[in-house]
Amino acid sequence: MEKIIGGIKRDCYPLTPAQMVHIYTLSLSPTHEIVNIGTGQYLRTELNVSVLREALNRAVERCESMRMRIWRDPETGELWQYIMPYENRCFEYYDFSGLTEEKAHSILDRWTSQPFDTYGGELSRIVIVSMPGGYNGYYFNVHHCCMDSSSVITFTRDVMDIYCHLMYDLPYPKPMTSYIESVKRDMEYEGSKKQKRDTEFWHNILAQPEPMYTDYTGLGRLIQLRRENNNPEQRWGVLNTKTGAGSTVTYDLSVESTNKILKFAEQYNIPVSVVILHAIRTVLSKFNNNETDVTVKDFVSRRSTILNKRCGGVRMHCFDLRTIIELDKTVLESMSIINKAQQELFLHADYHTLKFYGEQRAIHGYPQGGCYQSVSFTYQNATLRNLVPYLKEIPVKSRWYSSGRQPQPLYITAMHRFGDGGLTFHFGYQSDLVTPQEIEFLYYFTGRVLFRSIENPYKTVQEIIDMT
């Protein structure tokens, strides 16, 4: 639909359901940096700054979502998005090589905490930087309505592929696909047969008996709520934050340990995400008196087509992944149940996230902030190592920076490191609700359950719990 914005006629499109999740987050937050994604990509090699600027410009030109703007109609309040024409940029350069690594990263954390003007302003910032220890690259901060983590990784690959083409005459990367075409496909979902099937699936899920809340700290929160509400049968919890203030704690798993997980997943034909989810839900069961009914909020990157894999933008939807697993099930049986539930969730993940939770709240009657899951999870299997042959022997560092705000109470992202391919677990948390000590406790037991499980796939869930 054409709109006149700032005196210029623009082709505008409605925001997608995935974007509306972040707009909803903004409506509950006093500040807008809660939807910022800050990253740094660094190689221990000398970089040609002018060539990197050219590579960055070409990547921005190729990626429509990097030039996306959001406009609020002053008369109706409706939100629209449009793509700005490409304009060449001269990205700033900062030399932090003389600082300590801690000081340099603290500056970039502070940059990530600077909010964008969501309704009308530019929604990304890129700065070329030299870091301590001979590492060089760029810092990238982007609004979540423009990109999710998959898009950030794809954009990074494109930048490095273009840079290596310009510097070393390696093959030029394939074109990015159109973000606007992806938006149009999302618009076609409304009223489609696919939407009807998805609606039927989720309504069947919602018609099941009420789930049970399982907290990452144990039974204490739910018991307290039952006392406050004089309801000993209450099954929902509440995770409310006043400000969204938070941070991220990261833990690096060794390459050797990571390879054990990958080998197990390949041997038994089980997705790595399921192996990790099994460990998380088993720990939640253990912490909650061996509860068999456990729910984790599962984030889904809906990128099954070539168009969606390379279009940029945000395509993350999230839903409750609920599994009821009896303690006498073996590890492999448990993982099979989780895998089946997750595959069904993926198949119907185009459904509107906010609509699902609105319907769930209406059915079960829990208040604002009510939920059945205390932990959110996503797995990112992409790495930078398979970018180009030139990077094979060059040390690589990737950093995800904190804006000082977190949209989820406790959000676990399992991601392979750009440098060596080992797994890193990022625990984003709201400091009103979670402490670093609680995260350390959760990570410790998750690791114990994970490796006891892959070492003893035919033992029961109860036996794994007893072993940890």
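Residues take their numbers from the sequence shown, with the count starting at 1. All figures in this text were calculated on a predicted structure; none of them were measured in a lab.
Between the side chains of S29 and R405, not a single donor N or O lies within less than 3.5 Å of an accepting N or O. Using a 3.5 Å distance cut-off with no hydrogens or angles, the side chains of S178 and E64 do pair a donor with an acceptor. Checking S285 against E291 by side-chain atom types alone, no donor-acceptor pair falls below 3.5 Å. Looking only at atom types and distance, the side chain of N141 has no donor-acceptor partner in the side chain of Q114 under 3.5 Å away. For the residue pair Q373 and R322, no side-chain donor N or O sits within less than 3.5 Å of a side-chain acceptor on the partner. In this model, no donor atom of one side chain and acceptor atom of the other lie less than 3.5 Å apart for Y13 and D11. A donor atom on one side chain and an acceptor atom on the other are found under 3.5 Å apart for S182 and N308. If you check the side chains of T248 and Q406, you find a donor sitting under 3.5 Å from an acceptor.
Atom CD1 of I306 sits in a sparse spot, with 12 or fewer heavy atoms from other residues, nucleotides or ligands closer than 6.0 Å. More than 12 heavy atoms of other residues, nucleotides or ligands lie within 6.0 Å of NZ in K194, so this atom counts as buried by the packing criterion. Shown here is E440, whose CD atom has no more than 12 heavy atoms of other residues, nucleotides or ligands within 6.0 Å. Taking a 6.0 Å sphere around OH of Y93, one finds it holds more than 12 heavy atoms contributed by other residues, nucleotides or ligands. By the 6.0 Å contact criterion, CZ on R227 is open, its count of non-hydrogen atoms from other residues, nucleotides or ligands being 12 or less. Counting non-hydrogen atoms of other residues, nucleotides and ligands closer than 6.0 Å to CG of N88 gives a total above 12. With a 6.0 Å radius and a threshold of 12 heavy atoms from other residues, nucleotides or ligands, E87 has its CD atom at or below the threshold. More than 12 heavy atoms of other shown residues, nucleotides or ligands fall within 6.0 angstrom of atom CZ in R221.
Rounding to the nearest 0.5 Å places SG of C145 at 4.0 Å from CD1 of I23. Atoms CZ and OG, from R417 and S398 in turn, are 11.0 Å apart once rounded to the nearest 0.5 Å. Here N231 contributes atom CG and R235 contributes atom CZ; the two are 11.0 Å apart, rounded to the nearest 0.5 Å. Rounded to the nearest 0.5 Å, atoms CG (L450) and CG (L253) are 8.0 Å apart.
A salt bridge links E181 with K184: the distance from a Lys NZ or Arg NE/NH1/NH2 to an Asp or Glu carboxylate oxygen falls below 4.0 Å.
Aromatic ring orientation, F319 versus F356: perpendicular (interplanar angle above 60°, classes split at 30° and 60°). Using cut-offs of 30° and 60° for the angle between ring planes, the H348 and F201 rings count as parallel.
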Step-by-step side chain to side chain contact (heavy atoms under 4.5 Å, CB included) determination, F140 to M147: CA-CA 11 Å; F140 178 34; M147 285 195 167; 3.9 Å; yes

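Centroid-to-centroid, the aromatic rings of H416 and Y379 come within less than 6.0 Å. Annotation: Y94 is not in aromatic contact with Y139 [ring centroid separation under 6.0 Å not met]. You'll find the ring centres of Y401 and H105 inside the 6.0 Å limit.
Checking each of R315, R302, R303 against D148 for a salt bridge (Lys or Arg N to Asp or Glu O under 4.0 Å) leaves exactly one that passes, namely R303. Screening Y429, F299, F425 for a ring pair (Phe, Tyr, Trp, His ring centres under 6.0 Å) with Y411, the sole residue that qualifies is F299. Each of Y213, W236, Y366 was checked for a ring pair (Phe, Tyr, Trp, His ring centres under 6.0 Å) with Y372, and the lone residue meeting it is Y366. With T378 as the fixed residue, the side chain to side chain contact (heavy atoms under 4.5 Å, CB included) test singles out one of H426, K297, M316: M316.
Taking every heavy atom of both residues into account, G237 and L225 meet most closely at CA-CD1, 3.7 Å. Of all non-hydrogen atoms in N48 and S50, the two that sit nearest each other are OD1-OG, 2.7 Å.
Screening residues 94-103 for salt bridge (Lys or Arg N to Asp or Glu O under 4.0 Å), with sequence neighbours left out, gives E101-K397.
Figure legend: R10 and W71 shown without cation-pi pairing, the cationic atom not lying both under 6.0 angstrom from the six-membered ring centre and within 45 degrees of its axis.
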